[in-house]
Amino acid sequence: MTTNSTTPDDGSGRRPDETGQPGAGDEVRAETVRRLERAMGVLGTAVVARMESRLAWFGRMTAEDRSWIGLVAQSGVAAFVDWFKNPARGRPAITVEVFGTAPRELTRSVSLQQTVEMIRVVIDVVENQVQELAAPGGEQQLREAILRYTREVAFSSAKIYARAAEARGAWDARLEALIVDALLHGDREEGLQTWGSALGWSRTPVIAIAGHLGDQDGEGVLDDVRSLARRSGHDVLAGVQGERMVVVIGVNDRTGARDPITAASPLAGMFGPGPVVVGPAVTDLQAAGVSVRAAVGGLRAATAWPDAPRPVLAEDLLPERALDGDAAAREQLVREIYLPLRGAGSPLLDTLSVYLEHASSLESTARMLFVHPNTVRYRLGRIAELTGFTPTDGRGSFVLRVAVTLGRLAERDGLLTG
């Protein structure tokens with residue numbers, strides 16, 4: 001009876017002999033196992049000592065985290081010895097036998113890159129002692145086992161961190177949506193800084209951007225927006241509310257994007273069709289609700305200005321927002337336009353009112369006020385200086401008309417003093 005020359009091995013790298021008895025490799029392996037078992041404690045200690053000397057970040061960790069890492073290293077050595085002792089087990093259960101000894105929170109203290117560095121240290125320590133650990137003739141067998149085992153450790157590490165990143169990403173997305181909702185509705189603002197810190201928020205100033213989602217996939221768009229903003233160095237929060245997407249960014253001043261439009265323009269293309277409105281810059285995340293509410297109010301009212309640029313500042317939509325019932329916009333128009341005009345004296349307010357009522361005609365205004373047209377020109381120039389809006393411009397005259405109307409109504413209702 002002949003023996004098939006292709007008889008598979010038993011997982012140890014050798015074949016049974018022709019009598020069906022184990023080969024001499026088993027004796028070598030058994031002796032190597034005995035040596036490994038005697039050296040387990042020494043190896044674990046040597047690994048931790050090598051990490052302290054070679055990895056600067058290891059020494060900066062808390063005593064508790066260093067202790068957990070030491071336990072993981074010792075568990076790794078013990079699990080390797082057990083696996084090497086029983087080669088028929090196939091692939092080692094790294095996740096359970098090694099990483100199962102440490103708390104899940106350790107992945108927040110140790111990055112994937114640092115884990116790779118630790119694996120390298122473990123490999124170096126064990127490989128440097130192969131000659132002492134392996135039985136005579138078993139050196140190559142032990143080296144191959146080390147390589148196979150450390151490969152499994154690397155794969156398991158990547159899997160653990162991938163799962164942690166996935167869970168972290170889902171948690172971050174829920175927290176971002178919660179923050180955006182709180183900013184919009186103005187509640188729970190006392191917790192914003194804490195929530196922002198949990199997401200690593202550090203940038204100022206802060207602006208909000210609002211636009212429609214269109215027929216795009218919300219989750220995919222949010223991922224793209226976050227990626228684009230972070231490549232520019234901005235902090236970012238984003239959330240989808242029905243058909244609307246709201247993005248809050250902490251602007252990275254080093255990009256030169258100091259004004260809201262410059263910072264928001266690269267992100268405008270991520271929104272669906274329709275207007276994209278940018279809220280005013282505020283000092284920090286705690287005050288970001290002002291910017292979010294202005295941007296969302298502007299988005300709701302932007303339909304009244306079809307020719308608005310994209311993106312457009314919420315402050316450029318003040319008259320539309322005011323007509324749409326935005327109390328903050330009404331107050332801002334009265335405060336920044338009507339009150340300065342009233343404070344400058346009746347000639348400016350009277351001139352503006354007459355000018356707007358007479359189709360923006362200099363001559364008609366001059367006749368009604370019994371002044372020279374040049375006087376009207378001078379007063380219109382003063383109005384532009386005081387308010388930032390030019391009465392002779394179509395858009396400017398519209399803003400001024402709405403502001404004056406709202407100011408007079410507020411004065412009628414006794415809402416203005418002085």
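Since we're looking at a predicted model, the values are computed, not measured. Each residue takes its place number in the sequence, starting with 1.
To the nearest 0.5 Å, atoms CZ (R379) and CG (L349) are separated by 11.5 Å. The line from OG1 of T375 to CG of L369 is 9.5 Å long, rounded to the nearest 0.5 Å.
Residues that satisfy the salt bridge (charged side-chain N to carboxylate O under 4.0 Å, His left out) test with E320, not counting sequence neighbours, are R395. P373 pairs by the side chain to side chain contact (heavy atoms under 4.5 Å, CB included) definition with A366, R377, not counting sequence neighbours. With sequence neighbours excluded, no residue satisfies side-chain hydrogen bond (donor to acceptor under 3.5 Å, both in side chains) with T32. Legend: residues meeting side chain to side chain contact (heavy atoms under 4.5 Å, CB included) with S360, ordered by chain and number and at least two apart, are Y355. Here R335 pairs with E331 under the salt bridge (charged side-chain N to carboxylate O under 4.0 Å, His left out) rule; sequence neighbours left out. Evaluation of the side chain to side chain contact (heavy atoms under 4.5 Å, CB included) rule for V48 yields M51, E52, F58 as partners, not counting sequence neighbours. In this structure R300 satisfies the side chain to side chain contact (heavy atoms under 4.5 Å, CB included) test together with V296, D324, sequence neighbours excluded. For E385, the salt bridge (charged side-chain N to carboxylate O under 4.0 Å, His left out) test picks out R382, with sequence neighbours left out. With sequence neighbours excluded, no residue forms a salt bridge (charged side-chain N to carboxylate O under 4.0 Å, His left out) with E336.
With hydrogens and angles ignored, the 3.5 Å screen pairs no side-chain donor or acceptor of D224 with any backbone N or O of S227. For S291 (side chain) and A208 (main-chain N/O), a donor-acceptor pair under 3.5 Å exists by modelled atom type.
Counting all heavy atoms, side chain and backbone alike, L386 lies closest to A344 at CD1-CB, 3.7 Å. Heavy atoms only, all atoms of each residue included: A314 and R321 are closest at O-NH1, 3.0 Å. Residues A403 and I337 approach most closely at CB-CG2, 3.5 Å, considering heavy atoms.
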Determine all donor-acceptor pairs shorter than 3.5 Å in which one atom belongs to a side chain in residues 35-45; sequence neighbours excluded.
from, atom 1, to, atom 2, distance (Å)
R35, NE, E31, OE2, 3.4
R35, NH1, E132, O, 3.3
R35, NH1, A134, O, 2.9
T45, OG1, G41, O, 3.0

Name each donor-acceptor pair under 3.5 Å that joins a side chain in residues 264-279 to protein atoms two or more places apart or in another chain, with its distance.
from, atom 1, to, atom 2, distance (Å)
S265, OG, I261, O, 2.7

Audit row: R244, Q241, side-chain hydrogen bond (donor to acceptor under 3.5 Å, both in side chains) steps and yes/no: CA-CA 5 Å; R244 178 178 64 207; Q241 300 169 331; 3.0 Å; yes
Derivation and outcome, side chain to side chain contact (heavy atoms under 4.5 Å, CB included), residues L318 and V399: CA-CA 8 Å; L318 282 175; V399 175; 5.7 Å; no
CA sep, side-chain torsions, deciding dist, call: N128, V130, side chain to side chain contact (heavy atoms under 4.5 Å, CB included): CA-CA 6 Å; N128 288 339; V130 165; over 6 Å; no
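At least one side-chain heavy atom of I207 sits less than 4.5 Å from a side-chain heavy atom of V251. Put simply, the side chain of Y338 does not reach to within 4.5 Å of the side chain of L406, judged on heavy atoms. Residues V221 and L213 meet the side-chain proximity criterion, which asks for heavy atoms closer than 4.5 Å. With contacts defined as side-chain heavy-atom distances shorter than 4.5 Å, the pair R330/V402 does not qualify.
Sorted by first and then second residue, the pairs that involve residues 354-367 and meet salt bridge (charged side-chain N to carboxylate O under 4.0 Å, His left out), not counting sequence neighbours, are E357-R401.
For D413, the CG atom is densely surrounded, since the number of other residues' heavy atoms within 6.0 Å is greater than 12.
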